[in-house]
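Throughout, residue positions are numbered sequentially from 1 according to the sequence presented.
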Amino acid sequence: TPSRRSPGPEPRPLSLTEAGPPTEAQVPEAPPAGAVPGLLAGPLLPVILRIAGPVLALEALHTTYHLVSLFWVGRLGAAASAALTTSLFATWILTSLAESVGIGILAQVARALGAGERERARAAAAQGLLAALALGCAFATAGRSLAGPLFVLLGVPAEVAPLGAAYLGTLLIGAPLIFLMTANEAIWRSTGDTMKPLGVIGASTVVNAALDPFLIFGLGPFPALGVAGAAWGTIIAWAIAVALFALLARRAGARFPLAPRALLRPDPRAMLRTVRIGLPRFLIGSLFSSVYMALSGLVARFGTAALAVL
């Protein structure tokens, strides 16, 4: 019969000196220098919820500007409500273009920060802000001249057209502000901080809700501006949001990815790249807006009341 071998001693673990230096596969990959620290630390699901939760709340808050205005303007009658409802479909183009610039900024700045290229991130943020300002000014100039003809083209009732032109024409004065507000929101989101934009936009919507009744009905020392008062309330709220974002950026200092000096050196190619990245978002929003504006033209045939509840 074959002899049985007694089991030998178990191999002892090697010391660090005997084992030698760890191989490349054993060393955890370090984040690039300059990358946002701790953004993905911990289990993935809580990280996603922490970042995405405020973004969902932000999207809901953006709709409240119009809903609050519609709530107060509804007290002025069906014609005023119809004017705001119809204007909403036109302002979708404005917000879609502003959001498309924000997407271009978010994509470039977040990618640069993730790669540890902080200077490139700061330059992209600066050129994105310049692109936002330029498009906002262009939209305000062109949009105000087209506000009146738009309602004539849609064939809305005669009592609705001047109210719609007054509201939309006034609101477009603040087009540069919503572009800058959206651009700043995108820069903060690119760093993984979605709470600061939520706080700013939340404060802005509260201001809008508080101002609307005073400016629409002329409460206290304020003049009664009617539907235009609702637009001015939104503009002031946007302006406060932009001011709060500027204050937060100043307090953050170098932690905020923005090169202030680059704001004095516009780079048309970089600005166009920002717009090009977000172009699909603008096209989608414009398509929805066009469909609903055409629907408004059809519903307008049934009268002011039908248009008001669209």
**Flag, side chain of T86 to backbone of A83, donor-acceptor distance under 3.5 Å** = no
**Request:** Tell me whether F139 is reachable from Y167 by hopping between hydrophobic residues (I, L, V, M, F, W, Y) whose side-chain heavy atoms are closer than 4.5 Å.
**Result:** yes
**Message:** Please check this pair: side chain of S289 against backbone of S286, looking for a donor-acceptor N/O pair closer than 3.5 Å.
**Reply:** no
**Request:** Classify the angle between the aromatic ring planes of W188 and F256 as parallel (below 30°), tilted (30 to 60°) or perpendicular (above 60°).
**Result:** tilted
**Request:** With side-chain contact (heavy atoms from CB on, under 4.5 Å) as the test, would you mind laying out the steps for I236 and L215 before giving the verdict?
**Result:** CA-CA 11 Å; I236 294 171; L215 296 174; 4.2 Å; yes
**Request:** Would you please say whether a donor-acceptor pair under 3.5 Å links the side chains of T274 and Q127?
**Result:** no
**Asked** Could you go step by step and tell me if L307 and T85 meet the side-chain contact (heavy atoms from CB on, under 4.5 Å) rule?
**Response** CA-CA 7 Å; L307 194 59; T85 301; 5.9 Å; no
**Prompt:** What's the spacing between M181 CE and I178 CD1 if we round to 0.5 Å?
**Reply:** 5.0 Å
**Message:** Could you walk me through whether Q108 and R273 satisfy the side chain to side chain donor-acceptor pair (under 3.5 Å) test, starting with their C-alpha distance in whole Å, then the side-chain angles of each, then the deciding distance to 0.1 Å, before giving a yes or no?
**Reply:** CA-CA 9 Å; Q108 294 182 91; R273 182 166 57 248; 3.2 Å; yes
**Prompt:** Under the criterion side chain to side chain contact (heavy atoms under 4.5 Å, CB included), which of L168, L70, L163, L150 is the partner of S87?
**Reply:** L168
**Request:** Spell out, yes or no, whether I93 and F288 are grouped together once hydrophobic residues are joined by side-chain heavy atoms under 4.5 Å, including indirect joins.
**Result:** yes
**Message:** Is there a continuous path of hydrophobic side-chain contacts, each under 4.5 Å between heavy atoms, that joins L264 to L258?
**Reply:** no
**Message:** Students often mix this up, so state it plainly: with edges at 30° and 60°, are the rings of Y65 and W238 parallel, tilted or perpendicular?
**Reply:** perpendicular
**Message:** Quick check: closest heavy atoms across S69 and D212, and the distance to 0.1 Å?
**Reply:** OG-OD2, 3.1 Å
**Message:** With a 4.5 Å cut-off on side-chain heavy-atom distances among I, L, V, M, F, W and Y, is there a chain of contacts connecting L295 to F151?
**Reply:** yes
**Request:** Work out which heavy atom in S96 is nearest to a heavy atom in G285; give both atom names and the distance.
**Result:** OG-CA, 3.1 Å
**Asked** Do R120 side-chain atoms and A115 backbone N/O form a donor-acceptor pair below 3.5 Å?
**Response** no
**Spatial distance of atom CH2 (W72) from atom CZ (F214) [nearest 0.5 Å]** = 9.0 Å
**Message:** Testing the basics here: between L198 and A57, what is the closest heavy-atom pair and its distance to 0.1 Å?
**Reply:** CD1-CB, 3.7 Å
